[in-house]
Amino acid sequence: MCGIIGYVGKSEAVPILLDGLERLEYRGYDSAGVAVVSPSNTLQVVKTKGRLSVLREHLDAQDPLCGTIGIGHTRWATHGEPNDTNAHPHVGSDGKIAVVHNGIIENYLEIRASLERKGIPFHSETDTEVIAQLLEYYYKKLGNIMNAVYAVLGRIEGAYAMGILCEDFPGQMIAARKDAPLLIGYGEDGNFIASDVTALLAHTRTVTYMEDGEVAVLTGDSVQIYDRERSPITKERHTVDWDVSAAEKGGYAHFMLKEIMEQGEAVRKTISPRIKDGRIFIEELAGMEGYLEGLRKICIVACGSAFHVGMVGKYVLERLLRIPVDAYLASEFRYSEPLLGDDTLVIVISQSGETLDSMAALREAKKRGSKVLSIVNVVGSSIARESDITLYTWAGPEIAVATTKAYTTQMALLILLGVYCADMNGRISEEEYKTILADFLALPEKVDEVLKNIEAYQKAASRYFNQNSVFYIGRNLDYALGLEGSLKLKEISYIHSESYAAGELKHGTISLIEPGTLVISLATYAPLLEKTRSNIVEVRARGADVIVVATEETAPAVKDQADELLVIPNTHRLLQPVLAVIPLQLFAYYVALNRGCDIDKPRNLAKSVTVE
Ligand code: G6P
């Protein structure tokens, strides 16, 4: 989704803005632009449809844009097609005020109509232009820029993170936030705003997270934040422990491949601090034993791959805790009038901690009296801050749009949480507890082992990269896993794919199987192996080619049915999906590579979805 960077200080702004925008590219975008106030106090804007390289060409083709204050934006179109005019920054009619904005202004049509009636012409189709025009209108009327900003915030409805420049105040940048992430960075020779911490890592790791309703005024050597009532407030500064190299490719062809390869380490960092002296210890849950024992239901809520983690969680937590556990898509859950109460725990899973639907689901759950526990990767993100309990995955920055290491760490942490609660409630035998704990400790090494089998994944991908349609089948945890495998493939390779519970195959999908159709069968769940084998036999009888993912334990029973067999090490049954997803990720990656796709930035997709 859209990205924002802003700088005010002693250095030239444009190179800092372009570098920041480059680091935000991963979020997904279709146009980009910058605005700078020049030393002669003139606002200058350059913006264009397309990649940042096109913006750079535009900037190179004209007199250099000088100035030590500027804002930049990468746009992911919502209102109005991607074109030069709709790109940000947007300016008011007098060209004095420029705005970059993430989010959606819901009442923009009504405001636009009222300004048009006053004779103010509009140029773009965006909701953001309304902010720029309204700001200029109020600035003229009230004669004070801060009064104008608060007047605008009082009129607009919806979500926003915004950066504002006014050429009458050439050393000052204003920022405001509601329901869209925005943070302030404190640098050595200037200050920053950004929608995402990765844009700032090259300059500073000291940040403040803005909250809803806050407005900030930044100069080169000062930052003042105000609350909704316009009273100055002092806020905590946080140190981000990610470093710049963690957000760089480090010799890999793609971020996605790098992040897949980092999964052993990411799982280790997420799990090992939570295992002490042979027991699982989740510090964030200390003192909550009574509450956890009284739970009658768990709802897991998330979007995309995080929802697929929730599907794994449904099977694992239900089996361990023996209470009903359901996984919901956040976009459905929030509008479903969910039956919640204080004996229901809502678990929200989100890599970014900023997904709008997940955030709204969280608020709905709290409103209905449930506690919210979130599993989040980005420290200080909105979901993390609004949850009653936050468990962080320590996966480090994830840049590729298609998630990999965030998915595996979320899954490992959710299973760890399940075992912890089962132990607390006396629902797991000491013997099984010990076995699963030993397998948890061995998990990072086993992840690395699966990653070594790269040639097998490359071979399968080069054999099947030309498919039109691929079907994933599996039962129980393998079904949950198939959902993620299928999503990975369609996201980055643009091949149509579907995931089906293997037992459901005969109720529809089997009609699509014809000679040469590729079916990826997940056969890692030992208790249902014979059933899964029968389903493989059924699709082969109709001419399908089958790639089978199996464990060392299950492989002997299915290898005669496999055109390609991908074998992973054995681990505890409930942990198996953490290993089994890796061949699926790498198969998708190499298929996309063979097809020449833009793997890290697939078309139309965004890393962090901050609109409905
Ligand atoms: C987008 C991303 C997915 C991600 C989903 C949820 O669609 O492309 O990879 O799973 O959002 O994001 P979250 O940050 O909440 O995990």
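Here the structure is a predicted model, which is why all the values come from computation and not from measurement. Every heavy atom of this structure was used, including side-chain atoms; hydrogens, water molecules and symmetry mates were not.
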SB check [X] [Y] (cutoff 4.0 Å):
X	Y	value
R385	E211	yes
E432	R319	yes
R279	D423	yes
R274	E283	no
D212	R363	yes
E318	R322	no
D326	K314	yes
E214	R177	no

Distance-only side-chain donor-acceptor flag, [X] / [Y], under 3.5 Å:
X	Y	value
E354	S382	yes
S497	S486	yes
T208	Y186	yes
H308	E484	yes
Q263	T408	yes
T126	N86	no
D196	T198	yes
E25	T74	no
K488	T403	no
T393	Q410	no
R230	N147	yes

Does [X] use its side chain to pair, donor to acceptor, with the backbone of [Y] at less than 3.5 Å?
X	Y	answer
E398	E259	no
N377	A395	yes
D600	F255	yes
K367	L362	no
N476	D478	no
T344	L340	no
S370	K366	no
H101	A159	yes
S272	R268	yes
K178	G158	yes

Legend entry - Ring geometry between H88 and H73 (parallel below 30°, tilted from 30 to 60°, perpendicular above 60°):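 Ring orientation, 0 to 90° scale: parallel.
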Inset, instruction - Just do the side chain to side chain contact (heavy atoms under 4.5 Å, CB included) check on I184 and I225 with the steps written out, would you? - result: CA-CA 10 Å; I184 292 167; I225 304 174; 3.8 Å; yes
Identify the two heavy atoms, one from [X] and one from [Y], that lie closest to each other, and give their separation to 0.1 Å.
X	Y	value
R475	Y525	O-CB, 4.1 Å
Y150	R228	CE2-O, 3.5 Å
V99	I131	CG1-CG2, 4.1 Å
G353	S381	CA-OG, 3.4 Å

Could you check whether any side-chain heavy atom of [X] comes within less than 4.5 Å of a side-chain heavy atom of [Y], counting everything from C-beta outward?
X	Y	value
T409	W394	no
V301	I349	no
Y328	S336	no
I156	V152	yes
Q576	L477	no

Inset, instruction - Would you please indicate if the ring centroids of Y209 and H238 are separated by under 6.0 Å? - result: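 For Y209 and H238, the ring centres are under 6.0 Å apart.
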